[in-house]
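Structure, as C-alpha cells:
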Amino acid sequence: MFRGSQRKEPPRDDLFDIDAAHGIIKRKTDGIRVLALGSVGWATLEKELTTTFVSGAAVILQRMGYSYGRYIGRVAKTQQKGQGDALESLQRAARESGWGELLLNGGDLATGQARLVLRNCVFCLHIKEASEPVCYVLGGLIGGVVDEVIGATHRILEEKCTAKGDAYCEVIVERVG
Ligand SMILES: [Zn+2]
C-alpha cells in the first residue's frame, strides 16, 4: 500500500551516546547534543498551550515545526551536496527523532503533489477523540523540510489523524504557484 524509499543502509538503532553522569546525550553521526522529551510531557505542553492560546496554539506549534523543518532541510542539502531528496530527508528525520514511520502514499514531492503518511505518530499519541487533525508540529516539520529542500512554497493539509480515530496520520503536500 505505501511506498518507502529504497534505503542503501538499514536504519541504525544505536544513534546516541548517553553520558548520564553529566546529563549529556549526543547523536553519534554528528556529535550534536539532543534534548529528549517524553510523549506524555509533550502532550501536557500541547494541552496547556491550547488552554492558554486557544486557536493560536496551532499557529505556534506549526511555526515551531516549520522552523525546525527548515533547519533539517538545510542540513540535508549540505550533506547531499545541494541535491537534497526531501522524502529521504523527512523519512530519516522521522526515524531518527522518534516521530514515527513516514511513508509516501501516492504522488511525488518532486512534482509538487504528494500524500505522506505517518504511522505511530508521537505528536498526537496521547490526544483522544479530537474532532479535527491535531498534528500541527508534524505539518510544520514536513512543510519546512519540503520548502527548504525543494526551494518552493508548499501548502500542507492535514487530512487524517490518529487523534480523531484514523489508523494513521496523513498530510497532503501541494506546491503553491
Ligand atoms: Zn499524529
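Starting from 1, each residue takes its place in the sequence as its number. Order of listing sets the numbers, starting from 1, for every ligand and every atom in it.
- At a threshold of 4.5 Å between non-hydrogen side-chain atoms, the residues K28 and D14 count as touching.
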Which atom pairs, one a donor and one an acceptor, fall under 3.5 Å between side chains of residues 126-143 and the rest of the protein, sequence neighbours left out?
from, atom 1, to, atom 2, distance (Å)
H126, NE2, S39, OG, 2.8
K128, NZ, L125, O, 3.0

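- Across every non-hydrogen atom of L104 and L116, the tightest pair is CD1-CD2, 3.7 Å.
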Next on the checklist: Would W99 and L90 count as a side-chain contact (heavy atoms from CB on, under 4.5 Å) here? Give the steps.
Outcome noted: CA-CA 10 Å; W99 306 345; L90 273 167; 4.2 Å; yes
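- Side-chain contact check for T162 versus D166: every heavy-atom pair is 4.5 Å or farther apart.
- Within 6.0 Å of NZ in K26 there are 12 or fewer heavy atoms belonging to other residues, nucleotides or ligands.
- Taking distances strictly below 2.8 Å, the protein N/O/S atoms close to the Zn ion (ligand 1) are C121 SG, C124 SG, C135 SG, C169 SG.
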